[in-house]
Peer 1: 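This structure is in structure tokens; I'll ask about it shortly.
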Protein chains: 2
Amino acid sequence: MASRNPSRPERPATLERKASVLEAALACFAKNGVDGTTIQDIQRAANCSIGSLYHHFGSKDGIAEELFIDGIQNLNHGMLAKLRRCKNGEESVKAVVGQYCDWSMRNKDLARCLHSRDIEFSGEARARLKEIHRDYIGAIYAWFAPFVECGEVRVLPVDAYVPLISGPIQEYVRRWLSGHHPNPPAKVKTLFADAAWNAVKG
Amino acid sequence: MASRNPSRPERPATLERKASVLEAALACFAKNGVDGTTIQDIQRAANCSIGSLYHHFGSKDGIAEELFIDGIQNLNHGMLAKLRRCKNGEESVKAVVGQYCDWSMRNKDLARCLHSRDIEFSGEARARLKEIHRDYIGAIYAWFAPFVECGEVRVLPVDAYVPLISGPIQEYVRRWLSGHHPNPPAKVKTLFADAAWNAVKG
DNA sequence: TCTATTACTAGAACGAAATTCTAGTTACCA
DNA sequence: TGGTAACTAGAATTTCGTTCTAGTAATAGA
């Protein structure tokens with residue numbers, strides 16, 4: 001998309017407009033889901049024209065993609081920042097659960113967006129997500145590697161760690177977000193953190 | 001939908017046709033996702049007319065709904081059947097994990113359908129699902145209640161059991177189905193079953 | 001300051017895909 | 001054997017994402 005890789009830099013007002021569109025879109029997505037909101041909904045909520053939307057984002061999914069990617073990066077950065085303040089494996093594992101729980105409660109709409117499976121990612125976005133995920137997982141494994149080496153954390157198939165540690169809290173949050181049950185995840189945070197630690201401690 | 005609540009009973013050939021449509025639709029959904037397949041795709045694959053599809057299912061989502069509901073019921077029945085052959089809490093908890101794993105591997109396409117979030121359920125379908133879920137959860141809790149009472153299984157917030165027991169295997173299967181990693185869940189089945197038991201044993 | 005370039009806005013036109021409508025045809029029951 | 005309702009068929013309509021065309025406005029370079 002030439003329009004999204006301008007040869008001349010963007011104008012100052014552009015960032016503001018994009019941000020306002022993203023905010024409006026997130027509100028719409030939160031209310032009616034991605035598939036349930038039309039371009040017109042977003043257009044009206046953001047007070048801008050169709051042309052403007054397509055100029056900045058290229059497509060409806062482009063908007064969702066940007067929200068999704070921003071959201072994931074925000075979540076990832078927060079997680080790594082939290083981890084770096086931990087002293088050992090136990091603290092780290094429990095921090096992962098706690099941080100996921102806290103972030104989801106603080107960013108309910110965004111969390112709902114990350115859980116929704118109905119964004120048709122473009123090849124470009126898929127590649128970007130893969131890269132983000134690779135970097136993130138790399139950083140996470142690098143952080144935990146020493147704890148595994150010294151025996152504080154069990155040696156397991158690599159694909160097993162994330163489901164064992166984050167699976168329960170993710171599932172709980174997913175159910176909470178979709179209105180399946182009313183009890184916010186704060187209630188089970190430490191319970192699930194303990195369970196996660198039990199599942200992977202050496 | 002009057003056409004789906006006929007005042008006169010359905011004809012014998014109807015079930016057959018509906019089944020062939022569902023089969024064709026599942027194949028399409030598995031290949032291109034629910035959003036990625038058109039009514040025409042299904043129509044061609046099932047060798048029937050648009051009118052016929054709408055007569056029997058009311059909408060594209062109606063087809064997806066029926067697959068989804070059939071799938072969930074199949075999964076649930078299998079689970080309960082398996083549980084009833086267990087002698088104690090430990091066997092039961094581990095059976096839940098194992099059965100979910102086995103079923104997902106045996107019914108990959110259906111499992112993918114159950115994990116997909118892009119079916120827009122009608123109010124009617126939502127109600128039906130709620131009812132199915134209520135019955136199922138009721139049966140599950142009834143099965144486990146004695147083990148909790150005798151202390152073999154821990155007392156926990158009710159909403160915590162499912163995520164603690166099934167969260168990890170569900171997350172693992174989800175990642176496997178979406179091609180995130182290539183290792184089939186059989187590899188971690190007993191590992192996750194043990195973890196589940198550890199999380200809830202008394 | 002003037003001018004060329006390009007970001008940006010706007011909304012009408014277009015096209016694809018879901019759904020509805022109309023016109024039958026076929027099976028079953030009285 | 002006639003009436004009724006399930007069922008089939010596909011053309012017409014609608015909805016909605018996207019593209020196109022025609023501008024306006026900011027900025028860089030002369």
Side-chain angles (χ1 to χ4, degrees), chain A residues 1-22 24-25 28-29 32-67 118-125, chain B residues 1-22 24-25 28-29 31-66 118-125:
Chain A
M1 322 270 113
S3 58
R4 286 191 285 157
N5 292 324
S7 54
R8 204 191 278 186
E10 290 167 337
R11 294 180 196 164
T14 295
L15 274 182
E16 216 174 311
R17 154 114 329 168
K18 285 188 73 170
S20 83
V21 168
L22 288 176
C28 292
F29 293 164
N32 303 319
V34 175
D35 285 341
T37 84
T38 69
I39 279 287
Q40 237 186 67
D41 292 337
I42 299 172
Q43 189 221 127
R44 274 201 272 261
N47 243 309
C48 70
S49 69
I50 296 177
S52 198
L53 282 185
Y54 277 86
H55 175 74
H56 289 302
F57 297 98
S59 72
K60 176 179 153 182
D61 280 321
I63 302 172
E65 278 170 6
E66 199 146 328
L67 271 176
D118 46 27
I119 305 173
E120 284 285 328
F121 292 105
S122 66
E124 203 180 336
Chain B
M1 320 268 112
S3 58
R4 286 191 283 157
N5 291 325
S7 54
R8 203 189 281 185
E10 291 167 337
R11 295 180 195 163
T14 295
L15 274 182
E16 215 174 311
R17 152 109 339 162
K18 285 188 74 169
S20 83
V21 169
L22 288 175
C28 292
F29 292 164
K31 187 176 289 181
N32 303 317
V34 175
D35 285 340
T37 85
T38 69
I39 280 285
Q40 235 186 68
D41 291 338
I42 299 172
Q43 186 220 130
R44 274 200 274 261
N47 244 309
C48 69
S49 69
I50 296 177
S52 199
L53 283 186
Y54 278 87
H55 173 75
H56 289 301
F57 297 97
S59 70
K60 177 179 149 181
D61 280 321
I63 302 173
E65 277 170 7
E66 199 146 330
D118 46 28
I119 305 172
E120 286 282 332
F121 292 104
S122 67
E124 203 180 336

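Each chain gets a letter, A, B and so on, in the order its sequence line appears, and its residues count up from 1. Being a predicted model, the structure only gives us computed values, none of them experimental.
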Peer 1: Ignoring backbone atoms, test whether His55(B) places a side-chain nitrogen or oxygen under 4.0 Å from the OP1 or OP2 oxygen of dA9(D).
Peer 2: no

Peer 1: Specify the separation, in whole Å, of atom CG of Leu15(B) and atom P of dA6(D).
Peer 2: 15 Å

Peer 1: Is there side-chain contact between His56(B) and Val21(B), with at least one heavy-atom pair below 4.5 Å?
Peer 2: no

Peer 1: Answer yes or no: does a side-chain N or O of Ser49(B) lie under 4.0 Å from OP1 or OP2 of dT8(D)?
Peer 2: no

Peer 1: In whole angstroms, how far is the C1' atom of dA9(D) from the CZ atom of Arg44(B)?
Peer 2: 16 Å

Peer 1: Is a donor on one side and an acceptor on the other found under 3.5 Å between the side chain of Lys60(A) and the backbone of Ile42(A)?
Peer 2: no

Peer 1: Report the distance from atom CZ of Phe57(A) to atom P of dG17(D), rounded to the nearest whole Å.
Peer 2: 16 Å

Peer 1: Strictly under 3.5 Å: I want the nitrogen or oxygen pairs between protein and nucleotides 15-20 of chain C, one per line.
Peer 2:
| unit_1 | atom_1 | unit_2 | atom_2 | d |
| --- | --- | --- | --- | --- |
| dA18(C) | OP1 | Lys60(B) | NZ | 3.2 |
| dA18(C) | OP2 | Ile39(B) | N | 2.9 |
| dT19(C) | OP2 | Tyr54(B) | OH | 3.0 |
| dT19(C) | OP2 | Lys60(B) | N | 3.0 |

Peer 1: Quick one: side chains of residues 43-53 of chain A, donor-acceptor pairs under 3.5 Å with protein atoms, not counting sequence neighbours, listed by atom name and distance.
Peer 2:
| unit_1 | atom_1 | unit_2 | atom_2 | d |
| --- | --- | --- | --- | --- |
| Arg44(A) | NH1 | Gln40(A) | OE1 | 3.2 |
| Arg44(A) | NH2 | Gln40(A) | OE1 | 2.9 |
| Ser49(A) | OG | Ser52(A) | N | 3.1 |

Peer 1: Given atom CG of Asn47(B) and atom P of dT8(D), what is their separation to the nearest angstrom?
Peer 2: 12 Å

Peer 1: Identify, with sequence neighbours excluded, every residue that meets side-chain contact (heavy atoms from CB on, under 4.5 Å) alongside Asp35(A).
Peer 2: Asp118(A), Asp35(B), Asp118(B), Glu120(B)

Peer 1: Please enumerate all residues that pass side-chain hydrogen bond (donor to acceptor under 3.5 Å, both in side chains) together with Asp61(B), with sequence neighbours excluded.
Peer 2: none

Peer 1: Applying side-chain contact (heavy atoms from CB on, under 4.5 Å), name anything that partners Ser122(A), two or more places apart in sequence or on another chain.
Peer 2: Glu65(A), Glu124(A), Ala125(A)

Peer 1: Would you say a side-chain N or O of Arg17(B) is under 4.0 Å from OP1 or OP2 of dT8(D)?
Peer 2: yes

